Each structure stands twice: as C-alpha cells, then as structure tokens.
Chemist: 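Once you've had a glance at the structure underneath, I'll fire off some questions.
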Amino acid sequence: MSDQDKSTPSHFIRQIIDHDLQAGKNEGRVHTRFPPEPNGYLHIGHAKSIVLNFGLAQDYQGKCNLRFDDTNPHKENVEFVESIQQDVRWLGYDWEDRLFYASDYFQQLYDFAVELITAGKAYVCDLDAEQMREYRGTLKEPGRESPFRSRSVEENLDLFARMKAGEFADGERVLRAKIDIASPNMNLRDPTLYRIRHGVIHHQTGEAWCIYPMYDFTHPISDALEGITHSLCTLEFEDHRPLYDWVLDNITIPYHPQQIEFSRLNLEYTVMSKRKLTQLVEEGFVEGWDDPRMPTVAGLRRRGFTSGSIREFCHRIGITKSDNLVEMGVLESCIREDLDTHAPRRMGVLHPLKLVIENYPEDGEEWLSASNHPKNESMGQREIPFSREIYIDQADFREEANKKYKRLVSGGEVRLRNAYVIKCEEVLKNNQGDIVELRCSYDPETLGKNPEGRKVRGVIHWVSARHGVKAEVRLYDRLFSQPNPDKVTEGGHFTDNLNPDSLRTLTDCYLESSLGDASVGERYQFEREGYFTMDSREASGEKPVFNRIVTLRDSWAKLEKQGV
RNA sequence: UGGGGCGUCGCCAAGCGGUAAGGCACAGGGUUUUGAUCCCUGCAUGCGGAGGUUCGAAUCCUCCCGCCCCAGCCA
C-alpha cells in the first residue's frame, strides 16, 4: 500500500516532530493515536486524521494506536466500534496489538482522581447543572466559587467513594477540578471531571461503573498511559490544552504528551458533523450510514472509491490550522486519477435507443476484440458480440446539429467504438413524435481501419441488443445543492438544502455481455460515461445494479452549457 | 482590550528576512477509434489593510479590519 502512495508533503506538525527528534525528545520515539468516540460511522474528516496519525507513525518508524474514547456510554454502541475498525483497516492501516479503550483505564482514572482530591485539587460539588452554569459566569464575566469548593479532603474522599458506590442519583453530584473559577479560559473554571450515570450498560464495562470520567480528564491520562508522544486533535480543542497540561502536571504520571491542533476538513456540498450525519440516517434522508451519497468511509467505499484515492485526497488537502472548505473537484480528481490507470474499459448504454443495421445479416453475429485499456496492453483484450440490432445512447443521436456535434445525425456517419462506421439512413418515430428507432447501414471495410476518402470524427459506444445484459444503474450527484449546507435562511434547516436529484435510478440500461459476471469490488470505466462498480448491497438480486462512482471529465457538456 | 486561533491565486497549500513552489479548477493548443487520458502553454509586480524597521519584508515591529472556536454533568 504505502509504496504506491506518493510521498507526503511536509506540514507544521512534521516540523514540530523533526525538531523534537533533533532535540532528542521522547527518546527518539514517535507514537500517535487515533481516538474516535464510537458514536457513529467514520467520515472523510476522520480519514484525514487517520491518514495523518497512522501516516506519521509509518514515516517515522513509530507507532499509532487505535483507541476508542468511550467515556459517554449513552451514545455509543458495538456496531460503531466494529464499523470503525473495519473502516480504519480498509483505509490501509494496522494498529497491530494496540487496540485500546479509554474504558480500559477506568480504575486508573479513578485512582488519579483520588490523588487529585487528596492533594486538595479536586472536590465534589452538589450544584445541579443549571446552578453550575450560573456560577461559571459568562464569556466576559468571571465565575463565582461553588459553595462546595472548600470541602475538606476527607469529606471529598468520602463523597467521591459514595458516588462510585452508587449512593447518589444522576446529576446529584459531580467531581470538579479546583483550578481557577475566574479564568478567562472557560475550560479552567473548575471543570467537571466525573459525572454519575445510572442505568446505562456500557458496551465494554457493562454495569461495573456508575460514574464516568469526562473527556478532558480521560484524554491526557489515556495518552500518557500509552506513551503517546504527539497527541493530534482538531482546532476546537485548542482552548482545552491548558487543562490537558494541568491534569498531567497535577498527578503522578511519567509521560506528558504534547497536544497539537490542526483544522478539521470541510467539503463542499456535504456535511461533516456527526450530529447531522446521524440525523440524515435516522430521519431517512439517506439509506443508511453507507449510502453512496454519504461522506462516510462506508458510503465512499460502497460508492466505489478506492482507499488509495482517499489517502491521496488527504495528502492533497494538507494539514494546517486555517479554516477550509475544500471543493469536491479535488476528491473527484483523486478517484479519476486512480481509476483512469486501473479500471478496465467496458461499454454500457444508459439511455438506450434501438438501432438496426439494415445491411447486416439478420442472424449475423461476430465477436470483436477490444482493449481493456487504451494504454496498458498488459490489461489484455476482451471479445464483444456485434449483431444487427444494437443500442446506442439517446444523447448520441440528433436529427440535426451544428458541426460542433460530432456524434450521429440523420444522414451522417459515426464510428461505433471498437467496431464499424455506420450511417444513419432513417429515423423512426412514434405518434408523439419521439424517436424510437434508427435504421442504419454499416461499412464492412471500416473494422480496425479508417474509411477511405472521408473523415468520420465521432465515436460512440453501443451494446448488442441480443447479447446485452440488462442492468440498473444509479447515478449520484452531490447530497446538497449548496456548497455550504449549513448556510440557511432565517429559521431554516440544513436539510432544506438537500439536493432532490442526488440519486437518479436508471432501470433499463444495457451493458456489454462481459459485465454479466462482474463481481463486487471491481471497478470499470464505461467508456464516455464514467466509472462504475457493482453495488455491494444489491449484489444478490436477479438484475445487476451498478453505482456510478464519478463521471469522466466532460468538456463537451461545458461547451453545451455555454450554448455552442 | 474576556480568552484562544486563523487570514498567500476561484479552492487547497508551500514559504520561516534575499526578491511568490505545487495540486485542483480555469483558458488556449497538440495527439487520440473514449468530446476521456496524455502532452505543451498561460494563470498572484502580489501575500487582509495602513504605517514602520532594513540595502532588501509574505516573512520582523505597530495599529487597524475580517473570519472561526469557547459559557455540556458531549467528544
């Protein structure tokens, strides 16, 4: 995998690591971690973090752990734990024997909390949530000390032990750090360290605990216990860094990892927040977490993206601290680049129009040889059946057109890809005036060579009517119609920006016969149409279903739009 | 003057005091039995703005402007 990937560009985190290595920090180790909360499926923003963390470990001969940040059992479950592991593996990374859960450390975390209490640096607070908010002050006004802040160490120890023992109800008490209730940094105004949660069954620890540690307490300790050297997270945790450091500075623990923040990925025409993705799934706006329109790793995989193209994308967008909104074109370019070199070519007609070659024998049939790739001979050839009746795409015929249009017109000639030059002799219409069939003639001298004395500019794809495989094809477009779906008018909702045409299902497509035994995981270029792959969920149905991964670049469509 | 960040081409992004990399997009041209691919060419006298320091500033200093994050017993 890694030897196929292009070299990763430098960025500020690599510079920090280089400096650390040069200064002899961390005994020359580089040890990162990817720490998802198992409360949803991974999306391409997580992929950015995965490629960063695991990629750094690879490049510096270091290690990267997979650690589930499972301190809030309320929203978490094993389905997510499993899908996350599958997605990280699919992206090409291996945590070896280093799969951890923050919940592995619940006992140690508890002991560290006791250490803080004993040192007079944490206290049990009886304020309820609303009171605490009030006491904490606002962004511009300092907070007021909790009346419980001055409890004795003995009382705090006793109360905390009873919290653990289950003597108090949810919300009745919390453990708080005693830092600075007037700090300009809200995170330092005596943050909550532990809360009480009865009646939830934790996916890893079951009912062993009824108190659960908060992220800000758990994360630095988990990192330190695992010997993490560089703890990479997104920008919104910048304000938490002083708290991260405070925790490690006030307990007895041998390591103190460095937290470094980078900006999260934003992609045009989609959403990345787990809350919104969850809503799309739960309210049925999409088929599920792996809906091919979703920016989830599972969705991209089902859509047909390769993991290499996603890694390449993550390298192209870079790592910085600036807010960003990346164009879809970057992702599309990555998958096209991959598939152009790797996907075998096939022919598939999406909007069939019947075409009869009148001077071709009624029961005639011949098998024509076609390259699987225009510039990679090692991909070999395939045989394509040709016969008197074929299908071409409706978009490849016009009764009349200007010279820019180089496909088939009445009385005109066109090359059938991998076959003969044909001429349109007659157009058949139904009562409504719709074109229903084309009657043509073919030039038998044009197989594998150009006709003499005239030029045929256009080439169109086709499928033999008798031999073609009937298939369903799903064409995907952007999930939202706005570059930034969060931009809504007063009182609006991001789902208002959903693109009603994000999925178009074509049920009467004809694919060349060799596609009859295509299997899941194979990707093809349907020439002149785009890249396609068999849908993994519909693979057992009687009719094959193909997903369009991405279109080909289309300069003709651009011209047409400009009114040429 | 709550605190913390960020502003370099349409979108990403290098640059770290010596005279603006690269990718995507876009525009021209060439090759082509895919209007694809590929190959050429073009695309910031300019780095949020204004001053200043310097022989020299995107890089240093000052002031100003804009955008993002923080008041969960979420992560």
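Note that the coordinates shown come from a computational prediction; the quantities given were computed from them, not determined experimentally. Chain letters run A, B, ... following the sequence lines, proteins first, then strands; residues in each count from 1.
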Chemist: Within the structure provided, determine whether Arg173(A) and Arg162(A) are in side-chain contact (heavy-atom separation under 4.5 Å).
Modeler: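 SC-SC contact between Arg173(A) and Arg162(A) ruled out.
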
Chemist: Rounding to an integer number of angstrom, what distance separates G22(B) and U41(B) when you compare their P atoms?
Modeler: 12 Å

Chemist: Sort out the partner of U37(B) for me: Watson-Crick or G-U wobble, both distances under 3.5 Å, none otherwise.
Modeler: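 The answer is none; no pair meets the criterion.
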
Chemist: Please list, chain by chain and in numerical order, all residues satisfying side-chain contact (heavy atoms from CB on, under 4.5 Å) with Val297(A), sequence neighbours excluded.
Modeler: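 Leu42(A), Asp87(A), Trp90(A), Leu91(A), Arg301(A).
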
Chemist: Is a donor-acceptor pair below 3.5 Å formed from side chain Arg407(A) to base G35(B), judging by atom type as modelled?
Modeler: yes

Chemist: For G29(B), does the O4'-C1'-N9-C4 or O4'-C1'-N1-C2 angle fall within 90° of 0, making it syn, or is it anti?
Modeler: anti

Chemist: Taking the C1' atom of each, how far is A14(B) from C55(B), in whole Å?
Modeler: 27 Å

Chemist: Using a 4.0 Å heavy-atom cut-off across all strands, classify Ile460(A) as base, sugar-phosphate, or nothing.
Modeler: nothing

Chemist: Map Thr71(A) and Glu238(A) onto RNA chain B by nearest heavy atom, then report which one ends up closer to the 5' terminus.
Modeler: Glu238(A)

Chemist: Going by purine N1 to pyrimidine N3 plus the second Watson-Crick contact, or the G-U wobble pair, all under 3.5 Å, which nucleotide sits opposite G2(B)?
Modeler: C70(B)

Chemist: I'd like the P distance from C39(B) over to U31(B), given in whole Å.
Modeler: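 U31(B) and C39(B) have their P atoms separated by 16 Å.
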
Chemist: Counting only side-chain heavy atoms from C-beta out, which of A71(B), A25(B), G3(B) sits nearest to Arg553(A)?
Modeler: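 In terms of side-chain proximity for Arg553(A), the closest of A71(B), A25(B), G3(B) is A25(B).
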
Chemist: Verify the neighbour count for atom NZ of Lys423(A): are there more than 12 heavy atoms of other residues, nucleotides or ligands below 6.0 Å?
Modeler: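 For Lys423(A), atom NZ is not crowded (no more than 12 foreign heavy atoms under 6.0 Å).
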
Chemist: Please give the nucleotide sitting opposite G18(B) as a Watson-Crick or G-U wobble pair, both distances under 3.5 Å, or none.
Modeler: C55(B)

Chemist: Regarding U34(B), can its base be found pairing with the side chain of Gln525(A) as donor and acceptor, where the two atoms are less than 3.5 Å apart?
Modeler: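 Under the 3.5 Å cut-off, the side chain and the base do form a donor-acceptor pair.
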
Chemist: With a cut-off of 6.0 Å (strictly less than), are more than 12 heavy atoms of other residues, nucleotides or ligands near CZ of Arg264(A)?
Modeler: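 No - once you tally the heavy atoms of other residues, nucleotides and ligands closer than 6.0 Å, there are 12 at most.
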
Chemist: Is any side-chain N or O of Gln15(A) under 3.5 Å from a base N or O of C16(B), one able to act as donor and the other as acceptor?
Modeler: yes

Chemist: Which nucleotide sits closest to the side chain of Leu139(A): C70(B), A25(B), G5(B)?
Modeler: C70(B)

Chemist: Paired with G7(B) by Watson-Crick or G-U wobble geometry, both distances under 3.5 Å: which nucleotide is it?
Modeler: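 In the structure as shown, G7(B) has C65(B) as its Watson-Crick or wobble partner.
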
Chemist: Go through the N and O atoms of the side chain of Arg345(A) and the base of U34(B), and report whether any donor-acceptor pair is under 3.5 Å.
Modeler: yes

Chemist: Using a distance-only criterion (donor-acceptor N/O pair, under 3.5 Å, no hydrogens), is the base of G10(B) paired with the side chain of Glu327(A)?
Modeler: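 Indeed, a donor on one side and an acceptor on the other fall under 3.5 Å apart.
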
Chemist: So which one's nearest nucleotide on RNA chain B is more toward 5', Asp216(A) or Leu325(A)?
Modeler: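 Result: Leu325(A).
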
Chemist: Given the C1' atoms of G15(B) and G23(B), what is the spacing between them in whole Å?
Modeler: 16 Å

Chemist: How would you list all residue pairs meeting salt bridge (charged side-chain N to carboxylate O under 4.0 Å, His left out) that involve residues 216-226 of chain A, not counting sequence neighbours?
Modeler: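 For residues 216-226 of chain A, and leaving out neighbouring residues, the salt bridge (charged side-chain N to carboxylate O under 4.0 Å, His left out) pairs sorted by first residue read Arg33(A)-Asp223(A), Arg67(A)-Asp223(A), Arg67(A)-Glu226(A).
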
Chemist: Just how far, in rounded Å, is P of U34(B) from CG of Asp554(A)?
Modeler: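 Atom-to-atom, Asp554(A) to U34(B), this comes out as 15 Å.
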
Chemist: On a whole-Å scale, what distance lies between the C1' atoms belonging to A27(B) and A13(B)?
Modeler: 22 Å

Chemist: We want to know whether Gln259(A) and Glu261(A) form a side-chain donor-acceptor pair, criterion being a heavy-atom distance below 3.5 angstrom.
Modeler: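 On atom types as modelled, these side chains qualify, holding a pair under 3.5 Å.
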
Chemist: Just name whichever nucleotide pairs with G42(B), Watson-Crick or G-U, keeping both distances under 3.5 Å, else none.
Modeler: C26(B)

Chemist: Considering only side-chain heavy atoms of Asn72(A), which listed nucleotide, C74(B), C6(B), G72(B), is closest?
Modeler: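 When the side chain of Asn72(A) is considered, C74(B) is the closest of C74(B), C6(B), G72(B).
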
Chemist: By nearest atom, which of the nucleotides C73(B), G3(B), A71(B) is closest to the Pro184(A) side chain?
Modeler: G3(B)

Chemist: Spell out yes or no: do the side chain of Arg528(A) and the base of U34(B) have one donor N/O and one acceptor N/O closer than 3.5 Å?
Modeler: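 Per atom types, no contact qualifies.
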
